[in-house]
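A short write-up of the structure that comes next.
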Amino acid sequence: MDETQRPLRIPLQISIYADKHNVAHLVKSMVTSLVVEQPDDPISYLISFLQRSNPECPRVLLLGPPAIGKHTLAKRLTDELRAVHVTPESLLHRVYQPKGSAEILVQLLQQRLKETDCFNRGWVLEGIPQTRLQVLQLQQAGIIPEHVVMLEAPEEVLLQRNRGKLIDPITGDVYHQIFVRPDDNTVAQRLEKGRGLSDEKLLAELQHYHCEVTALTSAYQHVLKVINGDQPPADVYQQALTFIQTRHHFRTPRIVLVGPPGSGKSHLARLLSEKYKMVDVSCGSLLRSVAADGSDLGALIQPYLDVGCPVPDSLLMLVLEARLSRLDCSCRGWILHGFPKDLQQARSLQVSRHQPNRVFFLEATDDVCLERLSLRATDPVSGQRYHAVTRPAPNSEIQNRLQTAPEDSAKAVTLLLKQFRVNFAGLESVYPDAIHLDAEQDPYSVCECLESRLYTN
């Protein structure tokens with residue numbers, strides 16, 4: 001093949017380096033800034049951008065219906081994050097306008113966020129956008145949040161909060177006669193009754209908000225956290241802060257699933273592979289495939305499979321390195337299960353060119369694993385797999401011909417579980433930052449938990 005037409009292969013070391021230094025996020029930020037700003041001298045602009053840019057600066061939208069406590073939460077968050085608190089009122093006050101159109105508001109916001117304090121410290125934007133049109137205007141202006149917090153609460157709760165609103169005339173902090181009281185008696189004595197909306201006005205604004213909330217949710221679904229505002233303020237604050245301090249990083253997934261037999265590794269890998277198009281690498285299936293392909297390596301592996309003995313780690317690593325080096329794994333990422341099973345295998349993987357960037361430990365008790373495996377059987381006619389509890393055979397004819405694999409017998413499963421428990425401490429020592437998941441939930445719940453941690457720090 002002509003070298004000019006040969007597919008470009010990105011070395012594995014480049015992928016590891018890019019993940020480590022979050023290169024994808026950096027390039028995305030640079031290109032976004034160029035497109036939005038369109039500077040006359042892009043090179044000088046990018047140099048300045050890199051010198052000033054701080055990827056850890058918060059860029060937060062705080063949304064929710066009126067009277068839910070956005071202002072109080074925003075003030076607490078900006079104090080903690082040392083960010084700039086931006087509100088529609090503060091923007092309009094700068095130009096001495098009590099009100100302004102959506103276009104004027106976005107223009108003022110765009111100017112404000114370019115100022116040094118917002119650029120260097122980040123910002124928490126309270127109450128904007130309120131409509132789908134404003135969302136589009138923000139996007140066109142290049143105002144892209146890293147996190148969006150949306151508060152929600154029942155209508156009756158919002159009405160109660162609106163009626164008991166109290167204001168500190170010195171600081172402007174908002175309190176409530178019942179829900180939020182100041183700890184300082186001096187502050188409590190100087191509180192004044194806040195000028196809340198009438199019930200009719202509040203209900204009208206709530207109706208308008210509910211008409212727009214679906215569009216807001218849809219626009220920011222990839223960076224959105226919905227929090228129940230009908231909780232103690234400290235709980236709402238802690239949930240919001242935890243979410244904001246979670247950084248999303250793009251990385252080519254190199255995932256290892258570790259768990260006892262019966263914890264659902266294969267099923268989970270298949271779900272993730274179907275959704276994210278990453279390569280499902282089952283160590284057992286891979287060994288059988290190589291043994292059947294007629295290669296020299298396969299000829300070395302086949303005798304071990306014939307007698308049911310473990311394949312030596314040296315051969316295992318040769319097979320894995322060959323598979324994980326292929327183009328589909330390099331481009332789409334991979335999810336490996338069935339390896340590593342012990343300390344030495346984990347160390348071998350860590351010193352290879354294929355270090356995982358996410359390791360998940362699936363946790364399930366021996367009783368649950370034993371029930372899942374020992375009660376499953378296969379129909380030799382259709383190839384369908386059934387389970388005595390979760391998926392019984394549809395009729396007695398199929399039930400009578402079901403066969404249980406030798407490796408699924410209670411004795412065999414118990415032995416495998418014992419081996420896993422013995423080796424687990426070694427795996428934990430190699431992967432101290434592994435994420436632990438409760439694998440006793442249904443597979444789709446486990447998958448959702450894993451997905452929430454797939455691209456976060």
Side-chain angles (χ1 to χ4, degrees), residues 25 28-29 32-33 36 54-92 100 102-115 117-153 158 174 205-206 208-229 233 236-248 452 455-456:
H25 181 78
K28 176 187 173 184
S29 300
T32 299
S33 296
V36 172
N54 180 2
E56 299 304 315
C57 280
R59 299 198 298 275
V60 182
L61 296 186
L62 182 53
L63 307 177
I68 200 168
K70 298 187 295 295
H71 188 77
T72 301
L73 177 59
K75 291 198 70 172
R76 290 195 65 181
L77 290 173
T78 50
D79 288 344
E80 174 67 28
L81 300 170
R82 298 182 180 177
V84 180
H85 183 191
V86 183
T87 68
E89 293 76 18
S90 67
L91 294 172
L92 294 171
E103 290 184 1
I104 292 176
L105 201 58
V106 171
Q107 290 173 4
L108 293 171
L109 179 60
Q110 191 175 19
Q111 295 169 6
R112 180 69 183 94
L113 298 187
K114 288 181 181 179
E115 295 181 13
D117 57 347
C118 287
F119 191 93
N120 291 334
R121 293 161 48 200
W123 42 265
V124 175
L125 179 54
E126 174 199 334
I128 308 175
Q130 298 179 352
T131 66
R132 179 180 178 275
L133 176 61
Q134 287 185 349
V135 170
L136 296 174
Q137 290 173 334
L138 291 186
Q139 291 174 344
Q140 291 169 355
I143 301 172
I144 311 296
E146 290 282 341
H147 299 86
V148 177
V149 175
M150 179 178 287
L151 303 180
E152 63 178 10
L158 299 177
V174 180
E205 291 198 9
L206 283 176
H208 180 263
Y209 173 80
H210 291 314
C211 291
E212 298 285 352
V213 69
T214 301
L216 298 176
T217 303
S218 176
Y220 296 117
Q221 57 183 319
H222 59 295
V223 292
L224 177 67
K225 172 73 171 179
V226 179
I227 298 177
N228 176 17
V236 175
Y237 164 74
Q238 193 57 55
Q239 291 176 41
L241 181 63
T242 300
F243 171 65
I244 292 167
Q245 290 178 333
T246 301
R247 298 288 167 184
H248 292 256
S452 69
Y455 295 111
T456 59

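In this chain, numbering begins with 1 at the start of the sequence shown.
No side-chain heavy atom of Pro58 sits less than 4.5 Å from a side-chain heavy atom of His147. Considering only heavy atoms from C-beta on, Pro66 comes within 4.5 Å of Leu206 through its side chain. Side-chain contact between Leu158 and Tyr209 is absent, with no heavy atoms from C-beta onward closer than 4.5 Å. Proximity of Tyr237 to Thr242: side-chain heavy atoms (C-beta onward) are nowhere separated by under 4.5 Å. The shortest distance between side-chain heavy atoms of Leu63 and Glu152 does not fall below 4.5 Å. No side-chain heavy atom of Thr131 sits less than 4.5 Å from a side-chain heavy atom of Cys211. The side-chain heavy atoms of Thr78 and Val84, taken from C-beta on, include no pair separated by under 4.5 Å.
Side chain of Gln134 to main chain of Gln130: a donor-acceptor pair is present (N/O by atom type, distance under 3.5 Å, no hydrogens or angles). Although no hydrogens or angles enter the test, the distance criterion places no donor-acceptor pair under 3.5 Å between the side chain of Ser218 and the main chain of Thr214. Side-chain N or O atoms of Gln110 include one that pairs as donor or acceptor with a backbone N or O of Ala141 at under 3.5 Å. Side-chain N or O atoms of Ser90 include one that pairs as donor or acceptor with a backbone N or O of Thr87 at under 3.5 Å. A donor-acceptor pair is defined here as one N or O able to donate and one able to accept, closer than 3.5 Å; no such pair exists between the side chain of Arg59 and the backbone of Glu146. A donor-acceptor contact shorter than 3.5 Å links the side chain of Thr217 to the backbone of Val213. Listed for the Lys70 side chain is a donor-acceptor partner under 3.5 Å among the backbone atoms of Gly64.
The CG atom of Leu109 lies 13.5 Å from the CD1 atom of Ile104; values are rounded to the nearest 0.5 Å. Taking CD of Gln111 as the reference point, atom CD of Glu115 lies at 8.0 Å (rounded to 0.5 Å). Taking CD1 of Ile244 as the start and CG of Leu62 as the end, the distance is 7.5 Å to the nearest 0.5 Å. Once rounded to the nearest 0.5 Å, the distance linking CD of Gln239 with CG of Asn228 reads 8.0 Å. For the atom pair CD1 (Ile144) and OH (Tyr220), the distance works out to 7.0 Å, reported to the nearest 0.5 Å. Summarising the geometry, atom CD1 belonging to Ile128 is positioned 8.5 Å from atom CD1 belonging to Ile143; distances are rounded to the nearest 0.5 Å.
The environment of His208 atom NE2 is sparse: at most 12 non-hydrogen atoms of other residues, nucleotides or ligands sit within 6.0 angstrom. No more than 12 heavy-atom neighbours from other residues, nucleotides or ligands sit within 6.0 angstrom of CZ on Arg132. For Lys75, the NZ atom is densely surrounded, since the number of other residues' heavy atoms within 6.0 Å is greater than 12.
Remark: of the listed residues Leu77, Val236, Val149, Leu77 is the sole one forming a side-chain contact (heavy atoms from CB on, under 4.5 Å) with Leu241.
The minimum heavy-atom distance linking Pro88 with Gly127 is given by the pair CG-O, 4.4 Å. Scanning all heavy atoms of the two residues, the minimum distance from Ala153 to Ile68 falls at N-CD1, 3.7 Å.
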Q. Going through the distances and angles, do Arg82 and Asp117 end up as a salt bridge (charged side-chain N to carboxylate O under 4.0 Å, His left out)?
A. CA-CA 10 Å; Arg82 298 182 180 177; Asp117 57 347; over 6 Å; no
